[in-house]
Amino acid sequence: MTKLFSLIFLFNLTTFTHPKPKALTWGFYAHSLINRLAVYSLPSEMLGFYKKNIDYLADNAVNPDKRRYAVKDEAPKHYIDLDVYPDSVKKKLPTLFWNQAVELYSEDTLMTYGIVPWHIQKMKFQLTQAFVKKDLKQILRISADLGHYIGDANVPLHTTQNYNGQLTNQIGIHGFWESRLPELFSQNYYLFIGKAEYEANVARRSWNAVLNAHVALDSVLLFEKKLSLKVAEDKKFTIEERNGITIRNYTRSFSKDFHEMLDNQVERQMKASIKMTSDLWFTAWIDAGQPNLDGFVKAVAEKEEELEEKEIMKSWLQRLLDVRKESDF
């Protein structure tokens with residue numbers, strides 16, 4: 001714990017057509033779309049199997065978010081608060097394997113401020129092992145989860161301690177950026193990414209994702225603040241029904257203006273997520289020796305999986321208040 005306290009002392013802690021979006025919550029719709037579109041960039045040797053299971057990959061893209069509130073240590077796998085690290089540490093972290101980072105800064109510190117780049121590397125390794133074993137169930141489960149974590153790594157608000165604008169009086173900006181904007185405007189995005197490519201350095205790719213997303217963070221916060229200063233409260237928010245619940249949401253006009261100020265930023269980050277997901281699925285398959293997937297069939301949920309899902313949702317309510325929230329107003 002000595003390392004933890006000495007490091008915290010250094011921290012600055014003050015500071016193709018896709019389906020119509022449903023009224024759901026980089027939010028559920030975006031995560032589902034990322035996994036779905038990533039399938040179409042795979043080579044023919046993988047495409048048949050992944051297409052058979054495309055609904056599974058899309059429908060289960062949100063599973064890691066369900067586990068956030070039920071499974072211990074799940075939440076830090078979704079983000080990394082880069083802005084709490086001093087510049088010298090921030091430069092060093094991408095060069096370290098997980099065990100090296102733990103040795104230098106302690107696991108407590110790393111878990112406190114998020115581990116998504118390392119977790120993506122771990123998930124890619126696990127997917128490779130699942131391909132080696134030709135474990136259908138694990139291939140699909142890990143593929144769906146990996147796409148989720150990659151999507152999170154490309155969200156600017158997953159790279160900051162100010163993840164929901166709570167430090168700058170911009171509460172709700174997280175869900176605004178990653179859910180509201182894609183739901184309203186992704187019909188006009190050009191999300192084709194070409195063929196999947198082999199990634200020789202998964203660690204570097206994982207860190208580049210969060211570092212590039214972090215560069216975009218200033219624009220997200222600044223533009224929303226500027227726009228809010230010019231718009232009356234009743235023009236910024238509206239009341240609407242969502243899944244039978246009355247909620248406050250950003251108006252379409254305010255969303256449109258913010259989206260235009262961001263100049264295709266959300267589209268770029270979604271595209272980067274789709275590309276990275278497809279590339280890492282492909283890389284895991286290559287590293288496993290390119291196993292033949294032709295005989296693989298469509299996955300069918302088993303009873304034990306359904307029971308596990310019910311337990312996770314049951315625990316969700318019990319742990320809801322203990323995990324940092326991202327999209328609540």
Go through the structure and list residues passing salt bridge (charged side-chain N to carboxylate O under 4.0 Å, His left out) with [X], not counting sequence neighbours.
X: D294; result: none
X: E74; result: R67, K77
X: K275; result: E197, D279
X: K134; result: none

I need the [X] [atom1] to [Y] [atom2] distance, nearest 0.5 Å.
X: D152; Y: Y149; atom1: CG; atom2: OH; result: 8.5 Å
X: D83; Y: N162; atom1: CG; atom2: CG; result: 7.5 Å
X: L211; Y: T159; atom1: CG; atom2: OG1; result: 9.0 Å
X: I193; Y: S278; atom1: CD1; atom2: OG; result: 5.0 Å
X: L262; Y: E224; atom1: CG; atom2: CD; result: 10.0 Å
X: R68; Y: D65; atom1: CZ; atom2: CG; result: 6.0 Å

Look only at the side chain of [X] and the backbone of [Y], and say whether a donor-acceptor pair between them is shorter than 3.5 Å.
X: N53; Y: Y56; answer: no
X: S41; Y: A38; answer: no
X: T238; Y: T251; answer: no
X: N169; Y: G165; answer: no
X: W177; Y: V266; answer: no
X: E240; Y: R248; answer: no
X: E178; Y: G175; answer: no
X: T160; Y: Y163; answer: no
X: Q170; Y: Q166; answer: no
X: N164; Y: G172; answer: yes

List, by chain and number, the other hydrophobic cluster members for I245, where Ile, Leu, Val, Met, Phe, Trp and Tyr join if side-chain heavy atoms come within less than 4.5 Å, directly or indirectly. I247

Using residues 123-130 as the side-chain source, report each donor-acceptor pair under 3.5 Å to any protein atom, sequence neighbours left out, with the distance given to one decimal.
{"from": "K124", "atom 1": "NZ", "to": "T128", "atom 2": "OG1", "distance (Å)": "3.1"}
{"from": "K124", "atom 1": "NZ", "to": "D287", "atom 2": "OD2", "distance (Å)": "2.6"}
{"from": "T128", "atom 1": "OG1", "to": "K124", "atom 2": "O", "distance (Å)": "3.1"}

For [X] against [Y], the heavy-atom pair lying closest together:
X: M46; Y: L293; result: CA-CD1, 4.1 Å
X: G151; Y: I34; result: CA-CD1, 4.3 Å
X: G244; Y: E241; result: CA-OE1, 3.9 Å
X: I150; Y: S273; result: CG2-O, 3.7 Å
X: S186; Y: Y29; result: OG-OH, 2.9 Å
X: A61; Y: N35; result: CB-ND2, 3.4 Å

Side chains of E267 and P182 in contact at under 4.5 Å (non-hydrogen atoms): no

Close side-chain approach of V220 and I173, heavy atoms under 4.5 Å: yes

Take atom [atom1] of [X] as the centre, draw a 6.0 Å sphere, and report whether it contains more than 12 heavy atoms from other residues, nucleotides or ligands.
X: K90; atom1: NZ; value: yes
X: K226; atom1: NZ; value: no
X: F97; atom1: CZ; value: no

Tell me, with the steps shown, if T109 and T112 meet side-chain hydrogen bond (donor to acceptor under 3.5 Å, both in side chains). CA-CA 5 Å; T109 298; T112 297; over 6 Å; no

Go through the steps to decide whether K256 and E260 satisfy the test salt bridge (Lys or Arg N to Asp or Glu O under 4.0 Å), and finish with yes or no. CA-CA 6 Å; K256 181 175 180 291; E260 289 176 353; 2.7 Å; yes

Tell me if the aromatic rings of H78 and H119 count as close, with their centers under 6.0 Å from one another. no

Where do N60 and R141 land on the side chain to side chain contact (heavy atoms under 4.5 Å, CB included) test, with the steps shown first? CA-CA 8 Å; N60 289 277; R141 182 189 68 79; over 6 Å; no

Under the criterion side chain to side chain contact (heavy atoms under 4.5 Å, CB included), I'd like the reasoning laid out for K51 against V39: C-alpha separation, chi angles, the key distance, then a yes or no. CA-CA 7 Å; K51 274 192 74 175; V39 169; 3.9 Å; yes

Cluster overlap L42 with Y198, hydrophobic side-chain contacts below 4.5 Å: yes

Check whether V89 and M111 end up in the same hydrophobic cluster, where Ile, Leu, Val, Met, Phe, Trp and Tyr are linked by side-chain heavy atoms less than 4.5 Å apart. yes

Apply side-chain contact (heavy atoms from CB on, under 4.5 Å) to [X] and list each qualifying residue two or more places apart in sequence or on a separate chain.
X: S255; answer: F176, R180, L181, L184, F185, Y250
X: K92; answer: T95, L96, L104, Y105
X: D59; answer: D55

Apply side-chain hydrogen bond (donor to acceptor under 3.5 Å, both in side chains) to the pair S228 and K236, showing each step before the final yes or no. CA-CA 7 Å; S228 294; K236 179 177 179 180; 2.8 Å; yes

Qualifying residues under ring-ring contact (aromatic ring centres under 6.0 Å, His included), relative to [X], sequence neighbours excluded:
X: F49; value: F296
X: W118; value: W98, W207
X: H214; value: none

If the plane angle is over 60° it's perpendicular, under 30° parallel, otherwise tilted; pick one for F131 and Y50. tilted

Which label fits Y189 and H259: parallel for a plane angle under 30°, tilted from 30 to 60°, or perpendicular past 60°? parallel

Please lay out, stage by stage, how F237 and N249 fare under the test side chain to side chain contact (heavy atoms under 4.5 Å, CB included). CA-CA 5 Å; F237 295 112; N249 211 340; over 6 Å; no

Would you check, one step at a time, whether the test side chain to side chain contact (heavy atoms under 4.5 Å, CB included) holds for I115 with Y79? CA-CA 6 Å; I115 61 170; Y79 62 87; over 6 Å; no

